Amino acid sequence: VSAPPSVGGLRATVIALGQHSVLQNLMPSTLVNVQGKTVAARGALVSEDTDAAEVAMLFEMHRNAAKLRSTYVGAVIEPARYQITLEHDFGITDLLPFTAHNPFICPAHEMTAATGLAAGLRGDFVTAGHLLAIQMETSIRHVIASRGVPTSTVNDGIQMEIELGALLRLPMALDVFGEDRIFELKGLLVEQAGSNLRNLVAHGLVEHQAFFSNDFSYLWWSFLQLCSVPYFGRRDAAG
């Protein structure tokens, strides 16, 4: 189990790459999806407009983080998952200990989360992707709300849930998950310069074969890792 890439390390990587490529610093860049649509863009990394330069820096940091996630899936996550499936026969109930009585899982969502985890473990990322991209948002909302922070607003008597991107910008989210994990969750779930999985799944924009990309394997692993944090904490305290 590894920690997310550090925000400082990602920034340093972009700066180092820029030192070897003047054009990268001066030229704008765009990100195009499989349908040929431009979904994200940045200006020059070197600019007198410091706000625009920071936006460009974050764009490149998210692109580099996505590459690191893909590498980690190929080198660690998928080989480990494959080995587990060779050695063990398992079902949804075997994943319930990771979701039941777990502070990361919203009550009454335990079986849904376990279903997504079991599906991902056996390589069914169509099912796992649909379930866990949304359950990740539910869990983040639950964790923040359990700390007494409102996760909805009221306007003219109508209560509306705060969207996930805004939740991840809350100070409480930073306190709970830490800077590196928050940056990873943003890139994985809601940033168009990153993987943006929550939004793509919620809007039905993921083609069937794309569910078997490294992004969804990493989403499954990240959800399992966050479910396991309380479990390993109790184990370490007991040992």
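Fair warning: this is a prediction, and the values are worked out from it, not measured in the lab. All heavy atoms count here, side chains included; hydrogens, waters and symmetry mates do not.
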What's the shortest heavy-atom distance between Leu132 and Ala113, and which atoms? CD2-O, 4.0 Å
Within 6.0 angstrom of Leu86 CG, more than 12 heavy atoms from elsewhere: yes
Between Leu68 and Leu10, is any pair of side-chain heavy atoms under 4.5 Å apart? yes
Which of Glu184, Arg69, Glu78 passes side-chain hydrogen bond (donor to acceptor under 3.5 Å, both in side chains) with Tyr218? Answer is Glu184
Report whether Phe212 and Leu117 are members of the same hydrophobic cluster (ILVMFWY, side-chain heavy atoms less than 4.5 Å apart, transitive linking). yes
Closest non-hydrogen atom pair, Ile144 against Ala173: CD1-CB, 3.9 Å
Rounded to the nearest 0.5 Å, the CZ atom of Arg198 sits from the NZ atom of Lys186 at a distance of 15.5 Å
Nearest heavy-atom pair of His142 and Pro107: which atoms, and what distance? CE1-CD, 3.5 Å
Any donor and acceptor pair, going by atom type alone, linking the side chain of Asn102 with main-chain N or O of Phe104 inside 3.5 Å? yes
Should Ile140 and Phe223 be regarded as members of a common hydrophobic cluster, given that ILVMFWY residues are connected when their side-chain heavy atoms come within less than 4.5 Å of each other, either directly or indirectly? yes
Taking the side chain as everything from C-beta on, heavy atoms only, tell me whether Phe177 gets closer than 4.5 Å to Val143. yes
Does a side-chain heavy-atom distance below 4.5 Å link Pro4 with Phe183? no
With heavy-atom distances below 4.5 Å as the criterion, would you say the side chains of Thr153 and Ile162 are in contact? yes
Closer than 4.0 angstrom, basic N to acidic O: yes or no for Arg11 and Glu54? yes
Check whether any side-chain heavy atom of Val7 lies under 4.5 Å from a side-chain heavy atom of Ile182, and answer yes or no. no
With a 4.5 Å heavy-atom cut-off, do Leu188 and Leu197 have their side chains touching? yes
For a quick check under 3.5 Å, do Thr127 and Asp124 share a side-chain donor-acceptor pair by atom type? yes
Do Leu168 and Ile134 land in one hydrophobic cluster if side-chain heavy atoms of ILVMFWY residues count as linked below 4.5 Å? no
Between Glu161 and Ser152, is any side-chain donor less than 3.5 angstrom from a side-chain acceptor? no
Would you call Leu95 and Thr99 a side-chain contact if the rule is heavy atoms closer than 4.5 Å? no
Just verifying a value: how many Å separate Glu163 CD and Asn199 CG, rounded to the nearest 0.5 Å? 8.0 Å
Closest non-hydrogen atom pair, Ala119 against Ala128: CB-N, 3.9 Å
So Trp220 and Ile77, do their side chains get closer than 4.5 Å, heavy atoms only? yes
Measuring from atom NE2 of His203 to atom CG of Asn196, what distance do you get when rounded to the nearest 0.5 angstrom? 8.5 Å
Are the ring centres of Phe211 and Phe216 closer than 6.0 Å? yes
Could you state the interatomic distance from CZ (Phe125) to CG (Asp215), rounded to the nearest 0.5 Å? 11.5 Å
Please check if any side-chain donor atom of Ser6 sits under 3.5 Å from a side-chain acceptor atom of Asp180, or the reverse. no
